Each structure stands twice: as C-alpha cells, then as structure tokens.
Protein chains: 2
Amino acid sequence: MSATKARAKRQSPPLTVDPAALKTYVLEDQIGFLIRRAHQRASSIFDQVMDGFEVTPVQYSVLAKLHDLGPTSQNLLGRLVGIDPATMFGVAGRLTKRGLVSPSVDPTDARLVLLSLTDEGRGVAEAMKSRGSEVTARTLEPMTAEEARTLVALLAKIT
Amino acid sequence: MSATKARAKRQSPPLTVDPAALKTYVLEDQIGFLIRRAHQRASSIFDQVMDGFEVTPVQYSVLAKLHDLGPTSQNLLGRLVGIDPATMFGVAGRLTKRGLVSPSVDPTDARLVLLSLTDEGRGVAEAMKSRGSEVTARTLEPMTAEEARTLVALLAKIT
DNA sequence: TATTGTTATACTCTATAACTATA
DNA sequence: TATAGTTATAGAGTATAACAATA
C-alpha cells in the first residue's frame, strides 16, 4: 500500500476534537477502508484464479504491460503501472530471477535498463492475460454489469 | 494486500491462450488494477492528512473500531476490520508498544485477549477520527458528491 | 542540472503452519 | 472438537536517502 516510511517523526497534532464530527463518522463508510477491503478481496481472487503461476498482482501488471509495449525501460514501466523506482528494482529482479524477464542496456541511452519478456515470460503473460477476465468477473460477481461499468469508471477517476 | 504465501508451489497451468481474448484485455480497465492504484492514492492521502500521528491505516482502523466498541477481543476486532489473527498479533503488539492500546485477559474466557484504548490511545483515536473526513474528502475530490455516494455503495458490495 | 538506476535500510502487512491453552 | 491466541518463518510491497552513471 502505502507510505510507511513517509510518516515522519514529528510531534503529534493537538488532540482537540469536534464531538459532533465523531458521531457521524462510521469507519466502514470511509472510502479508504472500503478500498483496503476491496483490495484484499480482489487480491485473494487473483491468487485463486492465478494459482500455479507464482506471480503476484504487481508482477503480473509488469508482465502484462511489457507484453503490450514490447521492451521498455524499467523506470518508464514502473511509472506506467504505479511502481516507484526502488520497488521496481526489486520487482524486476524477482522477475529476472524467475526467468520471465530479461534486462539489457538501451543502446541509445546507457542510463536505461530495457526489460524484455523472455519466451517463457511471453507464454506466462499470455496465459495469465487469458485468465485475467476471470479474475475481473469473479471480483465483480456481486454486482450487475451496469454497476460494474459504473464502478470501473468511478475508480478510474481516483487513480 | 494479498496472499503472497497463498501461492502454492505447483505446476503451472497450460500456457494455451485464446488470441481473441488478448485483444480486448486492457490492464488499466481491470478492477484489480484500478483498486490497487486507488489503494495507493488513498494511502498516500491518509499519510499526508494523518502526518504526525505515526499510525498506519490498518492501525487506525483498529483504534477507530476500538473507540466505537470499547474493550474488544483481539480476534473479534481483527475480524471486524479485516485483519487475520497472525497479522493482528503484530498490529496489536505495535499499538501496545506505542502505548495506545492495553491488553488484558477476559475474566469470562481466559482464551480471549481484550484490547482497550489507553487514555493516550483514546485521544489519538478521537483526533484521528476528526480528521478522517478530510481523508475521505480529499480522496473523493475528483468526483461529485453523488458519484462519491455511488462509489461507496458499489465498493461496499465487493467487500 | 536532470534523469535513471542501484543499493542499503527499514517497516508494515500478509499469510501458512504448527503449537498451546482454554472452552 | 472448536476457538483464541502465539510464534516462527517468509516474502511482497512500499518508501527514504544517498549514490553513481549518463544525458
């Protein structure tokens, strides 16, 4: 999730409270709480449907994007799927160690590490993509098709 | 997020693919991808608004729920906010070490560890709750009030 | 100067599995 | 038998900060 290290060590804000605000505040209605719970459920479904691939949701997003784009620099790839450089370093390393991805230096710009899918990586990416819609379907199963479209459209707004 | 250890070490599914499915599959439209991104953004806003408290979103959900309910068993509390027992053990330990929560054995059932807010914990819970609506507001800022209500209602369905 | 990537460091969350204690 | 909790173990993701290399 989130910035655990971002929490700087500073003095706490004053502990004064508006009592009126407390009454109407219901944890379960807060968007952050709901997103966290939905995230847990979506991840769990991903794990079930993608069982056997040994690839995490974040790793999958990298493979899928790489499959869309062809060889792409590590940094850009991370930006496209929402992974910061330090995290991407670890993700790329794990995918490389698994033999799904192969790094090389960009001939045009020696700073860039190009990531490419290996043959095995391409196979895994395609097999997982073909199951991707099942993950989506099962995650959205509790709602109608129209509700699902609405949810997707609204979520896209806060991304 | 998710079940990293749930990925059992088994043989991969066959790497056969329906080519037609690949074309219509857009990573950025998948509910799981959107939820992960939304989760990142919501967490980041939480970190900004709650800066100074040194409390993570998960820890906050425990404090808020404890403030709602009064002393509650560790296990039940975890179930209510979506934290499994092993994770809850760590979360409770960190909150206890911080002096925000205090554990005790339930007199009625010696298996239960009751968690209670300390005085400081109550102050922090109330101060954070009073800021909770700001987190929600800023997270939902890109949409109208009605869209926000719709999103919350739909997310509640997949929780 | 700005960007890309690397590395060290650290912490939270997550989960499985095996275990003890209690009901 | 079932439930609550503990503990060991493991790994992913996240981020900060400092740094080197390149543009």
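Just so we're clear, the structure is a prediction, and the values are computed from it rather than from any experiment. Each chain gets a letter, A, B and so on, in the order the sequences are listed, and its residues count up from 1.
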Regarding the side chain of A:R111, the nearest nucleotide among D:dA4, C:dT12, D:dA21 is D:dA21

Atom-to-atom span, CG of A:L112 to P of C:dT4 - whole angstrom: 7 Å

Check: B:F53 ring centroid to B:Y60 ring centroid under 6.0 Å: no

Atom pair distance, as rounded to whole Å: CG in B:L95 and P in C:dT12: 10 Å

Whether the side chain of A:S44 engages the backbone of A:Q40 through a donor-acceptor N/O pair (distance < 3.5 Å, no angle test) should be reported. no

May I ask you to verify if any side-chain N or O of B:Q40 is less than 4.0 angstrom from the OP1 or OP2 atom of D:dG13? no

At less than 4.0 Å, is any side-chain N or O atom of A:T56 found next to OP1 or OP2 of D:dG13? Yes or no. yes

Identify whether any heavy atom of A:A86 sits under 4.0 Å from a base atom; if not, whether one sits that close to sugar-phosphate; answer base, sugar-phosphate or nothing. base

Hey, mind stepping through A:L151 and A:M143 against side chain to side chain contact (heavy atoms under 4.5 Å, CB included) and telling me if it holds? CA-CA 10 Å; A:L151 177 58; A:M143 56 184 67; 3.8 Å; yes

For atom CE of B:M88 and atom P of D:dT7, their distance in whole Å: 15 Å

Any donor-acceptor pair under 3.5 Å linking the side-chain atoms of A:Q48 with those of A:R138? yes

How close or far is atom P of C:dA10 from atom CD of B:E54, stated in whole angstroms? 16 Å

Candidate nucleotides C:dC13, D:dT7, D:dA12, ranked by approach to the side chain of A:R94 - the nearest: D:dA12

Test item: A:T139 side-chain N/O and A:A42 main-chain N/O as donor-acceptor pair under 3.5 Å: no

From C-beta outward on A:A110, which listed nucleotide comes closest to its side chain: C:dC13, D:dA23, D:dA4? D:dA23

Candidate nucleotides C:dC13, D:dG13, C:dT4, ranked by approach to the side chain of A:V91 - the nearest: D:dG13

Taking only the side-chain heavy atoms of A:P85 (C-beta and beyond), determine which of D:dA12, C:dT14, C:dT6 contains the nearest atom. C:dT6

Hey, which sits more toward the 5' end of DNA chain D by its nearest nucleotide, A:D109 or B:L76? B:L76

Among C:dT4, D:dT6, C:dA15, which is the nearest nucleotide to the side chain of B:T87? C:dA15

I need the CG-P distance between B:D47 and D:dT16, as an integer number of Å. 9 Å

Of the listed nucleotides (C:dT6, C:dA15, D:dA12), which one gets closest to any side-chain atom of A:Q59? D:dA12

State which of D:dA15, C:dT4, D:dG13 makes the closest approach to the side chain of A:V58. D:dG13

Provide, to the nearest angstrom, the distance between the CG atom belonging to A:D51 and the C1' atom belonging to C:dT16. 14 Å

Side chain to side chain contact (heavy atoms under 4.5 Å, CB included) for B:V58 and A:R36? Distances and angles first, verdict last. CA-CA 9 Å; B:V58 166; A:R36 180 174 70 81; 3.8 Å; yes

Roughly, in whole Å, what's the span from NZ in A:K97 to C1' in D:dA12? 12 Å

Counting heavy atoms from C-beta on, name the nucleotide in D:dA4, D:dT14, D:dT22 closest to the side chain of B:R36. D:dT14

A:R37 has an atom CZ; how far is it from atom C1' of C:dT14, in whole Å? 13 Å

